Amino acid sequence: MKRTLILAAAMIGSGAILAAETVSSADVVYDEYGSIAASLSGTAGDPVNGIEVMSSRSQGNCVACHQVSDLSAAFQGNVGPSLDGAADRWDEAQLRGIVANAKITFPDSIMPSFYKETGYIRAGNAYTGKAAGDELTTLLTAQQIEDVVAYLATLKE
Ligand code: HEC
């Protein structure tokens, strides 16, 4: 009986964590240099998942443009600068801003905006000729951005 109660309490506790506020991409507050001070998901980032997001083609695929000595991805690009030592150059808020929308920190950058869903011209549903009905999505979720930022914060030289 006591065990059940403890388990129930633990489940309520984790529910509260899951319900942490996610900031929608339209509501993100950037400072004038492009930094985002507050977490986008309200949940601490997981650097191990950040590696997965950065290395996976279907997710961030950051290694297509960036070289990171710490990562084992076989093919790493040099379109962007190496991210080795990124945490020495940028603080967490700056890294979050760069990953969410690099174009604020680096105007005209070719780096994709991973947490932005406005400003795209969107094709309708060609089959029916109606506007696309599903929700607009960002390239990465709020939690994936936090996971990437948590990993980038470990890249010190
Ligand atoms: C299409 C290529 C491309 C992709 C994909 C890309 N970036 Fe970039 N990134 C760039 C370029 C180019 C710059 C240099 C800034 C500029 O455009 O002037 C940059 C700059 C950066 C910087 C600052 C670099 C420094 O150390 O000073 C960080 C951090 C960064 N990117 C992280 C990421 C992460 C994390 C991802 C994946 C979620 C990613 N980038 C995906 C092209 C890319």
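Just follow the structure's listing: the first ligand is 1, and inside any ligand the first atom is 1. Note that the structure is a prediction, hence the values are computed from the model and not measured.
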Q. What residues, two or more places apart in sequence or in another chain, satisfy ring pair (Phe, Tyr, Trp, His ring centres under 6.0 Å) together with F106?
A. W90

**Q.** Sub-4.0 Å atoms of ligand 1 with respect to non-hydrogen atoms of R89
**A.** 25 (C), 26 (O), 27 (O)

Q.
So if I count the atoms of ligand 1 from 1 in the order they appear, which ones are less than 4.0 Å from some heavy atom of V148?
A. 35 (C)

Q: Considering only non-hydrogen protein atoms, determine which one is nearest to atom 27 (O) of ligand 1 and report residue, atom name and distance to 0.1 Å.
A: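 Checked against all protein heavy atoms, atom 27 (O) of ligand 1 sits closest to W90 NE1, 2.9 Å.
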
Without placing hydrogens or testing angles, list every side-chain donor-acceptor pair under 3.5 Å for residues 145-156, not counting sequence neighbours.
| unit_1 | atom_1 | unit_2 | atom_2 | d |
| --- | --- | --- | --- | --- |
| E146 | OE1 | R96 | NE | 3.4 |
| E146 | OE1 | R96 | NH2 | 3.1 |
| E146 | OE2 | L40 | N | 2.7 |
| E146 | OE2 | R96 | NE | 2.8 |
| D147 | OD1 | D46 | N | 2.8 |
| D147 | OD1 | Q143 | NE2 | 3.0 |
| D147 | OD2 | N49 | ND2 | 2.8 |
| Y151 | OH | D70 | OD2 | 2.4 |
| T154 | OG1 | Y151 | O | 2.6 |

Q. Taking all non-hydrogen atoms of both residues, which atom of V68 and which atom of M54 are closest, and how far apart?
A. CG2-CE, 4.4 Å

Q: For atom CG of D88, decide whether the heavy atoms of other residues, nucleotides or ligands shown that lie under 6.0 angstrom number more than 12.
A: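 Counting neighbours around CG of D88, more than 12 heavy atoms of other residues, nucleotides or ligands fall under 6.0 Å, so yes.
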
Q: Any chance you could pull the hydrophobic cluster mates of I110, using side-chain heavy atoms under 4.5 angstrom and chaining through other members?
A: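 V79, listed by chain and number.
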
Q: Around atom 8 (Fe) of ligand 1, list the protein N/O/S atoms within a radius below 2.8 Å, excluding water molecules.
A: H66 NE2, M111 SD

**Q.** Under 3.5 Å: donor-acceptor pair, side chain of S82, backbone of Q67
**A.** yes

(Q) Using a 3.5 Å distance criterion without hydrogens, assess whether the side chain of S35 forms a donor-acceptor pair with backbone atoms of A37. (A) no

